[in-house]
Amino acid sequence: MHDAVTALIARDRPVARDDFHSLWDALHDGRLRRGESAALLASLSTRTPGRATLTALLDSLAERRPPAGEPFTGAVNIVGTGGGPPTLNLSTAAAFVAAAAGTPVVKSGSRAHTSRLGSVDLLRRLGVVPTSSHEETHETLARFGLAFTGSSVYPAEIALLARSVLPLDFRPLARFVNTFGPFLADVPADAQLTGVSDARLVTGVRQAAEHVSRRTGRTVWLCTNEAGADELLGFAPNLVRTYEDGAEDDFVLAPARFGLRPGALADLAPGADPVAGFRALLAGEGHPAAEDTVCLNAAALAVAARVTGDWHEAVRAARAAIGDGSALALVDRLRGRTAVAA
């Protein structure tokens, strides 16, 4: 068994970056056996590795990716760790609303692992195809102010690991990939908003956020709440931890400050037809608590990206993007991009 896998299982020493490089070389060369790949994923997903091992792992994957080029000035990514209560695709809705309100958004995401419909699944059913290259992402951002990235932003090793465990189902083994996916994606953004659903994982995610912020210069906001949602909630207090210029800070975001309406998790449920429910939400026909939650997340994107420092103004702009139809119209404009590309 590869030394890196043995060390991850035993937890008797940190795994160095060179050890991970050797592991990835073996994976690319087909020398990593199925059992080793499964053991690697199971070990990472069972218990988050310590700081030294985690940062070595993140760096080893970052060094193997082709560079994304310069960030798109002022762009922000919204992506959660997955898990938590089943809801509408709130972060995807917030991306459309924020972009329609004037904040450039590049959103990474994945297919569903624990939810009914992941962001990639939803987008395909809406007729919006994610970008397939860094160049296409930049072009789409420049034209529409919004781009959804595909698998090209993730290290190739993730897909190789998924294939290497076949015929085993990758999804039960992929908890680590889901949780730390927001810090594995290489997107052209200056800022990132990431919700963390599982309180047991907060320590490891904070370490990853701090490390990635220092390495890339990206502003990272992590949000948590007692309900365990991986987005900001519009009807409950949210703790936001920020990582910027090597400094860590935090604040409590209380929705009542902005006149947001009361609600409950049940108000955010996807319903029988998640796609119809999503379009209704962007059309201003969703539950008030769901609309307020989307507006709060869209406002956070504007503030994190420094489009504005006024939360009240950001919430009003998000409401206007829903009320005047521009958020829903952006869905159809992106569908048009897909049709032209085809």
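In what follows, residues are counted from 1 in the order of the sequence shown.
With hydrogens and angles ignored, the 3.5 Å screen pairs a side-chain donor or acceptor of Arg11 with a backbone N or O of Leu8. The closest donor-acceptor contact from the side chain of Ser213 to the backbone of Glu210 lies at 3.5 Å or more, if one exists at all. Checked by atom type and distance alone, the side chain of Asp250 never pairs as donor or acceptor with a backbone atom of Glu248 at under 3.5 Å. Side-chain atoms of Asp190 come within 3.5 Å of backbone N or O of Gly74 as a donor-acceptor pair. A donor-acceptor pair is defined here as one N or O able to donate and one able to accept, closer than 3.5 Å; such a pair exists between the side chain of Asp230 and the backbone of Gly82. With hydrogens and angles disregarded, no donor-acceptor distance shorter than 3.5 Å links the side chain of Thr53 to the backbone of Pro14. Panel note: side chain Thr293, backbone Gly234; a donor-acceptor pair is recorded below 3.5 Å. Of the possible donor and acceptor atoms, one in the side chain of Asn225 sits under 3.5 Å from a partner among the backbone N and O of Glu231.
Arg316 CZ to His312 NE2: the interatomic distance, rounded to the nearest 0.5 Å, is 7.5 Å. With rounding to the nearest 0.5 angstrom, the OG atom of Ser164 is 11.0 Å from the CD atom of Glu157. In this structure, the separation between CG on Asp186 and OG1 on Thr137 is 10.0 Å, given to the nearest 0.5 Å. Between atom CG of residue Asn297 and atom CG of residue Leu233 there is a gap of 8.0 Å, rounded to the nearest 0.5 Å. With rounding to the nearest 0.5 Å, the separation of SG in Cys223 from CG in Leu193 is 5.0 Å. Rounding to the nearest 0.5 Å gives a distance of 7.5 Å between CG of Leu32 and CG of Leu161.
Residues Asp332 and Arg279 form a side-chain contact, since some pair of their non-hydrogen atoms from C-beta on lies under 4.5 Å apart. Taking the side chain as every heavy atom from C-beta outward, Thr92 and Phe148 approach each other to under 4.5 Å. For the pair Ser43 and Thr46, the minimum side-chain heavy-atom distance is 4.5 Å or more. Residues Phe176 and Leu40 are not in side-chain contact: their nearest non-hydrogen atoms beyond the backbone lie 4.5 Å or more apart. Contact of the Phe183 side chain with the Val205 side chain is registered, since non-hydrogen atoms from C-beta on lie closer than 4.5 Å. The shortest distance between side-chain heavy atoms of Leu296 and Leu253 falls below 4.5 Å. With contacts defined as side-chain heavy-atom distances shorter than 4.5 Å, the pair Val196/Arg241 does not qualify. Residues Val5 and Ile9 meet the side-chain proximity criterion, which asks for heavy atoms closer than 4.5 Å.
For Arg215, the salt bridge (charged side-chain N to carboxylate O under 4.0 Å, His left out) partners at least two apart in sequence or on another chain are Asp59. In terms of the salt bridge (charged side-chain N to carboxylate O under 4.0 Å, His left out) criterion, Arg218 has no residue partners (sequence neighbours excluded).
For Ser326 and Asp324, the side-chain atoms include at least one donor-acceptor pair closer than 3.5 Å. Checking Asn77 against Ser108 by side-chain atom types alone, a donor-acceptor pair falls below 3.5 Å. Defined by atom type and a distance below 3.5 Å, a donor-acceptor pair is missing between the side-chain atoms of Arg214 and Tyr243.
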For Phe258 and Asp292, run side-chain contact (heavy atoms from CB on, under 4.5 Å): C-alpha distance rounded to whole Å, both residues' side-chain angles, the deciding distance at 0.1 Å, then the answer.
-> CA-CA 10 Å; Phe258 314 115; Asp292 282 0; over 6 Å; no
Step by step, work out the salt bridge (Lys or Arg N to Asp or Glu O under 4.0 Å) result for Asp267 and Arg261. CA-CA 12 Å; Asp267 303 328; Arg261 292 160 284 190; over 6 Å; no
* Asked: Can you check side-chain contact (heavy atoms from CB on, under 4.5 Å) on Arg31 and Asp25, steps first, answer last?
  -> CA-CA 8 Å; Arg31 293 182 285 108; Asp25 288 341; 4.2 Å; yes
- Does the pair Glu285 and Glu291 meet the rule for a side-chain contact (heavy atoms from CB on, under 4.5 Å), with working shown? CA-CA 9 Å; Glu285 300 168 356; Glu291 181 178 321; over 6 Å; no
- prompt: Can you list the steps and then say if Leu268 with Leu88 is a side-chain contact (heavy atoms from CB on, under 4.5 Å)?
  reply: CA-CA 6 Å; Leu268 310 181; Leu88 286 156; 5.7 Å; no
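Classification of Asp19 and Arg13 as a salt-bridged pair holds, one side-chain N sitting under 4.0 Å from a carboxylate O.
Centroid-to-centroid, the aromatic rings of Phe144 and Phe96 stay 6.0 Å apart or farther.
Val307 and Leu232 sit in two unconnected hydrophobic clusters of ILVMFWY residues. Membership requires side-chain heavy atoms under 4.5 Å apart, directly or through other members. Following chains of ILVMFWY side-chain contacts shorter than 4.5 Å, one can reach Leu282 starting from Val315, so the two form part of one hydrophobic cluster. The hydrophobic cluster containing Val79 does not contain Val240, counting ILVMFWY residues as joined when their side-chain heavy atoms lie under 4.5 angstrom apart, directly or transitively.
Taking both residues in full, the closest heavy atoms of Ala314 and Thr308 are given as CB-CG2, 3.9 Å, listed atom of the first, atom of the second, then distance. When all heavy atoms are compared, the tightest approach of Gln207 to Gly50 is OE1-C, 4.4 Å. Annotation for Thr194 and Gln192: closest pair OG1-NE2, 3.0 Å, computed over non-hydrogen atoms. Contact record, Gly204 with Thr48: CA-CG2, 4.1 Å, taken as the closest heavy-atom pair. Scanning both residues, Arg17 and Glu63, for their nearest heavy atoms gives NH1-OE2, 2.6 Å.
In the hydrophobic clustering, Val252 connects to Leu239, either directly or through intervening members, whenever side-chain heavy atoms lie under 4.5 Å apart.
Under a cut-off of 6.0 angstrom, the local environment of CD in Glu226 is sparse, with at most 12 non-hydrogen atoms contributed by other residues, nucleotides or ligands. Within 6.0 Å of CZ on Arg33 lie no more than 12 heavy atoms contributed by other residues, nucleotides or ligands.
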